[in-house]
Amino acid sequence: MRIFDISRKLVNGMPVWPGDTAFQYEVSWPMEESGSVNVGRLELSTHTGTHVDAPFHFDNDGKRISELDLNLYIGPARVIDLPPEIESISIEELKEVDLDGVTRVLFRTCAWKNGTVFPEKIPHIEPELAPYLAKKGIRLIGLDVPSVDPIDSKELPAHHSLNENGIHILESLILDKIVPGDYELIALPLPLVEGDGSPVRAILRQW
Ligand SMILES: Nc1ccccc1C(=O)C[C@H](N)C(=O)O
Ligand SMILES: [Zn+2]
Ligand SMILES: [Zn+2]
């Protein structure tokens, strides 16, 4: 079986959401001090790199990470190719796309070209797409950009619309090298009891 790692590398200096906590890893208790082992410490935002959003991220009454159904994050997924110049993803862009029997869809835009800097402009999801996808049976959408809404959005209409339609969100995947088609997705959040989001190790498998 082939495994494709579609996760962003977690490394000091990696891009994070403007104003959010910088990612930091350090060996805080080195072998020379502990006498036996190196022990690291992490400082990071829950929205670092490839991650899932819990509804609590944008809704005070929404579910926390630990309340999410893990079945969402393991199972068949379809990777769909979209043009990188795309302004937004709407029903129009998907009308030719076959989503029958698909529960997890990953949009490959390749719009985030330089992974060492945070993108200024990204294609976003049109809120009207959420009920359309829900009707098709979609429960999870993943993207290769850091948000389903425009970076400067405060109302987050796509986050809310997806949530209202029972669709969960996986952000900042790396899909450049992935051939569109069907895979098994595994992208489990950490058991963060109160979490509003969680980094994931996202992989695709194919037989
Ligand atoms: N970390 C942030 C800090 C401030 C404002 C937004 C964010 C976000 O993370 C939004 C993005 N749509 C996200 O879910 O990752
Ligand atoms: Zn997020
Ligand atoms: Zn988000």
Side-chain angles (χ1 to χ4, degrees), residues 6-25 42-70 72-73 77 82 86-90 104-109 111-112 114-130 133-134 138-175 185 187-202:
I6 53 169
S7 320
R8 281 180 192 275
K9 294 224 177 347
L10 299 173
V11 59
N12 294 353
M14 69 181 288
V16 297
W17 194 273
D20 206 349
T21 310
F23 174 86
Q24 200 195 340
Y25 167 81
L42 289 170
E43 185 175 25
L44 76 167
S45 160
T46 45
H47 300 264
T48 303
T50 307
H51 71 278
V52 298
D53 286 353
F56 175 64
H57 179 46
F58 44 86
D59 174 358
N60 280 333
D61 300 321
K63 283 192 176 168
R64 309 292 182 114
I65 285 287
S66 57
E67 296 172 303
L68 301 176
D69 180 3
L70 292 182
L72 293 163
Y73 305 101
L82 294 169
I86 200 168
E87 268 279 318
S88 70
I89 306 168
S90 62
R104 300 170 195 81
V105 66
L106 308 182
F107 294 125
R108 177 183 185 266
T109 69
W112 184 351
N114 179 0
T116 67
V117 295
F118 200 83
E120 277 173 21
K121 208 174 171 303
I122 57 168
H124 61 273
I125 300 285
E126 292 293 347
E128 49 138 44
L129 190 60
L133 293 177
I138 304 288
R139 301 285 322 281
L140 177 84
I141 75 161
L143 303 97
D144 55 3
V145 289
S147 186
V148 292
D149 279 296
I151 303 284
D152 58 2
S153 171
K154 293 287 176 234
E155 274 80 40
L156 304 177
H159 280 83
H160 286 283
S161 176
L162 288 163
N163 185 40
E164 281 153 22
N165 285 278
I167 301 175
H168 293 74
I169 302 168
L170 171 59
E171 294 169 325
S172 290
L173 296 163
I174 299 184
L175 297 172
L185 169 76
L188 293 167
L190 299 171
L192 291 170
V193 174
E194 295 180 280
D196 61 289
S198 172
V200 297
R201 183 65 178 267

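For ligands, and for the atoms within them, numbers begin at 1 and follow the listed sequence. In this chain, residues are counted from 1 in sequence order.
- We find the CD1-CD1 distance between Ile122 and Ile151 to be 3.5 Å, quoted to the nearest 0.5 Å.
- Side-chain atoms of His47 and Asp20 form no donor-acceptor pair, as typed in the model, at a separation below 3.5 Å.
- The CG atom of Leu192 lies 10.5 Å from the CG atom of Leu68; values are rounded to the nearest 0.5 Å.
- To the nearest 0.5 angstrom, Trp17 atom CH2 is 8.5 Å from Ser172 atom OG.
- Within the listing of ligand 1, atoms 13 (C), 14 (O), 15 (O) sit less than 4.0 angstrom from a heavy atom of His51.
- Only the backbone of Pro146 comes within 4.0 Å of ligand 1, counting heavy atoms alone; no side-chain atom from C-beta on gets that close.
- Contact annotation: the side chain of Ser147 approaches that of Glu171 to within less than 4.5 Å [non-hydrogen atoms, C-beta and beyond].
- Two residues are said to be in side-chain contact when any heavy atoms from C-beta on lie closer than 4.5 Å; Asp144 and Phe107 fail this criterion.
- Closest approach of Asp149 to Ala158, counting heavy atoms only: OD1-N, 2.8 Å.
- For atom 5 (C) of ligand 1, the closest heavy atom belonging to the protein is Trp17 NE1, 3.3 Å.
- No side-chain heavy atom of Thr46 sits less than 4.5 Å from a side-chain heavy atom of His57.
- Annotation for ligand 1: atoms under 4.0 Å from non-hydrogen atoms of His47 are 9 (O), 13 (C), 14 (O), 15 (O).
- Here the protein heavy atom with the shortest distance to atom 10 (C) of ligand 1 is His57 NE2, 3.6 Å.
- Between the side chain of Arg64 and the backbone N or O of Glu194 there is at least one donor-acceptor pair closer than 3.5 Å.
- Around the Zn ion (ligand 2), the protein atoms of type N, O or S that sit closer than 2.8 Å are His47 ND1, His51 NE2, Asp53 OD1, Glu171 OE1.
- The heavy atom nearest to atom 13 (C) of ligand 1, considering only His159, Glu171, His124, Lys154, is found in Glu171.
- The heavy atom nearest to atom 12 (N) of ligand 1, out of those in Ser147, Ser45, Ser172, is found in Ser147.
- The single protein non-hydrogen atom nearest to atom 1 (N) of ligand 1 is Asp20 OD2, 2.8 Å, given as residue, atom name and distance.
- Judged by distance alone, with hydrogens and angles left aside, the side-chain atoms of Ser88 form no donor-acceptor pair with the main-chain N or O of His124 at under 3.5 Å.
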